[in-house]
Number of protein chains: 2
Amino acid sequence: MARSPNDTRRPLTLRDVSEASGVSEMTVSRVLRNRGDVSETTRERVLEAARRLGYVPNKIAGALASQRVNLVGVIIPSFSNLVFPEVLSGISSALEDTGLQPVVGVTDYSPEKEERVLYEMLSWRPSGVIIAGLEHSVNARAMLENAGVPVVEIMDVDGEGVDAVVGISHRRAGRHMAEAIIAAGYRRIGFLGTKMPEDHRARKRLEGFNEGLAAAGISLVDTEFYSGGSALSKGREMTEAMLARSPDLDFLYYSNDMIGAGGLLYCLEKGFDVPGQLGLAGFNGVELLDGLPCKLATMDACRREIGRKAAQIVARRASGAAGEAEDQIVELQPVIQLGDTIRTL
Amino acid sequence: MARSPNDTRRPLTLRDVSEASGVSEMTVSRVLRNRGDVSETTRERVLEAARRLGYVPNKIAGALASQRVNLVGVIIPSFSNLVFPEVLSGISSALEDTGLQPVVGVTDYSPEKEERVLYEMLSWRPSGVIIAGLEHSVNARAMLENAGVPVVEIMDVDGEGVDAVVGISHRRAGRHMAEAIIAAGYRRIGFLGTKMPEDHRARKRLEGFNEGLAAAGISLVDTEFYSGGSALSKGREMTEAMLARSPDLDFLYYSNDMIGAGGLLYCLEKGFDVPGQLGLAGFNGVELLDGLPCKLATMDACRREIGRKAAQIVARRASGAAGEAEDQIVELQPVIQLGDTIRTL
DNA sequence: GTGAAAGCGCTAACAC
DNA sequence: GTGTTAGCGCTTTCAC
């Protein structure tokens, strides 16, 4: 690991190891990659020299020569929304022993930035791309189509994918939640969620929710949207505002668990009869809910699982397995957890 | 963006653009990188051809030729701990307009994995490395020392850094919290935290906390440690267990806000007089706390700020600015927020 | 089992 | 303003 005293700060090359060990560059390369037959003695000599010098191979040169890159581009909207770190965690763990490494890019929910990040990533010729959502700019879509590597669009299956797709149907999720709420006898329902110009999944959930209500001949009584700030306290504020405006509501559907949890805490404090007089539900199934005084109804969005599956698809395809056709679309089924905030008749 | 009909799936090269535009490869390269003087007409012709073909430059080749890589390696223990996504968010935003791109690696709090991830990263010859913590294996430290690029160790300043360091003193943070608690008149204090074989920062906070208590002639009455599971509900369970065991405690110090919040919810439900009879405090200053029925005392760990600062150092150094000496150690000062769970005398 | 030669797709440096 | 030449540090291929 130590560097020689006459240290020039020039990064070490294969040649340095070759000279230090008296073995050709080619054989050094073979040893370092565990490829081809090398005698045990040469092997040891090379490894010893490499270790002693503190040689770190240059993957840039390696990638250029071999046309192989062990990087998987992952493009997500944000780190702030708890959901995406969880997806990354799933990707990261599934990639663990594949020799592949995730490289993360963030779009901040901006299609322009998504385009830039994607371009940037593709310029590193990754072994695959995992990207959140099905909605992309025309250019971004064209890049994905021509990337020449596996592309997995994640989180959402409601739409047309470029290649493989792993996610849930947010439209159906919304619809199912509506059905569960109606089945429980609630009728005067309010919706609280994010402003969603670019949050297509939240939008689809709301659309599905509205469809579910419409099928039962009812429609939303009130809606409230927010952006920015602490979701928990936003949930409180919005709930207070909505109940002040529409005191006769008997159900509040939140577009995510954090604002739902805020609303729940507010309702409990105010002494509302939950779930008798007022029912509540969120979305995502965040672990956080387990610690609340009473469990918010929610739906698991299968975040880690989506990450894992997507990474597996990339890994399999990258390893040369064919199967381009089999796993085009993987739809996971989120399950409603009634918790303590939807009454059972 | 469209590819020609006789599409061979071979990635396009500069040569393709050169031929399509009738301009030399070198000039095409100049246009695409906005470098050197190129006449407006050639420029247009090249851009038009590149766009039409859907050319994406190969940064691998570019990096090898120019010996420049616009990647910054970021090594964190986990995505699951809210803290690190926040740091990433800070890094990501500070790198925004620098042309640098973060590449994230995860260690799962394992020194061996840290070593592997670091090796992997360095093999891409990044422009800099940002790595959480000051504790590394001997090999990892040697790699950092010989990396030949800026290295910023973040989160913690209690120890010896390799190069630049940006963080807070967890030891002092613990000590200050102890002082604040004692100043408020609490005396029988319990500590609840993670099992921390590899969580050096939590360990240092606890050590500092103990020092602070010792200075006032007192010591911890009870301690409880957990690992895994939902922090919020763990906070509840641990609090219940500890108060059952040591009912005469008058203060609970939690190693993070999530378990603290769980404990707080539990205490409020049980009708404890907080902060009169029982005080509580956590650590981190997570946004979440804003939505709780009453605000948990905490200390801001300056997570985003640490990310920003670290990224700025890398960006500045990478851009050739000297200043190797000036900003070796940046210590941020976390501020105690008493909230509603430490009484004021 | 080992080595030599020829690139991978770009850019630095220099010529014109 | 534009083109030519010579690599960057590896791996592929083929010879021995």
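First the proteins, then the strands, lettered A, B, ... as listed; each starts at 1.
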- Calculate the interatomic distance between A:M26 atom CE and C:dT2 atom P; express it in whole Å. 12 Å
- Does the side chain of A:S24 get closer than 4.0 angstrom to OP1 or OP2 of C:dA4 through an N or O atom? no
- Nearest whole angstrom, please: distance from the C1' of C:dA13 to the CD of B:Q67. 14 Å
- Could you go through the side-chain contact (heavy atoms from CB on, under 4.5 Å) check for B:F79 and B:L88 one step at a time? CA-CA 10 Å; B:F79 281 122; B:L88 288 178; 3.6 Å; yes
- Report which part of the nucleic acid A:N58 touches: base, sugar-phosphate, or nothing (heavy-atom distance under 4.0 Å, all strands). sugar-phosphate
- Message: Between B:R116 and B:E112, does any side-chain N to carboxylate O distance fall below 4.0 Å?
- Response: no
- Message: Counting the atoms with a prime plus P, OP1 and OP2 as sugar-phosphate, which does A:R15 contact under 4.0 Å by heavy atoms, base, sugar-phosphate, or nothing?
- Response: nothing
- Item | Nucleotide C:dA12, atom C1' - distance to CD of B:E25 in whole Å | 15 Å
- Message: Counting only side-chain heavy atoms from C-beta out, which of D:dT11, D:dG3, D:dC8 sits nearest to A:R33?
- Response: D:dT11
- Integer-rounded Å distance: C:dA4 P and A:L14 CG: 13 Å
- Please give, in whole Å, the distance from D:dC10 C1' to A:D16 CG? 13 Å
- Is it true that a side-chain atom of B:H200 and a backbone atom of B:P197 form a donor plus acceptor pair closer than 3.5 Å? no
- Check every strand shown and say whether A:R35 touches a base, only sugar-phosphate, or nothing at a heavy-atom separation below 4.0 Å. nothing
- Query: Which one, C:dC10, D:dC10, C:dG1, comes nearest to the side chain of A:Y55?
  - Reply: D:dC10
- Message: Is the shortest side-chain heavy-atom distance between B:E114 and B:S137 below 4.5 Å?
- Response: no
- Query: Between B:L64 and B:G36, who's closer to the 5' end of DNA chain D by nearest nucleotide?
  - Reply: B:G36
- Task: Establish, with yes or no, whether the OP1 or OP2 oxygen of D:dT2 is under 4.0 angstrom from a side-chain nitrogen or oxygen of B:T42.
- Result: yes
- B:R68 CZ to D:dC8 P: how many Å, rounded? 16 Å
- Please report, rounded to the nearest Å, how far the P atom of D:dT2 is from the CG atom of B:L32. 14 Å
- Message: Distance criterion of 3.5 Å, no angle test: do you see the side chain of A:R30 paired donor-to-acceptor with the base of C:dG3?
- Response: yes
- Message: With a 4.0 Å cutoff (strictly under), does any side-chain N or O of A:S29 reach OP1 or OP2 of D:dT11?
- Response: yes
- Task: Could you check B:T27 against B:S66 and say which one's nearest nucleotide on DNA chain D is further toward the 5' end?
- Result: B:T27
- Query: For A:D37 and C:dT2, what is the distance between atoms CG and P respectively, to the nearest whole Å?
  - Reply: 9 Å
- Message: Could you walk me through whether B:Q101 and B:N70 satisfy the side-chain hydrogen bond (donor to acceptor under 3.5 Å, both in side chains) test, starting with their C-alpha distance in whole Å, then the side-chain angles of each, then the deciding distance to 0.1 Å, before giving a yes or no?
- Response: CA-CA 6 Å; B:Q101 263 249 316; B:N70 69 335; over 6 Å; no
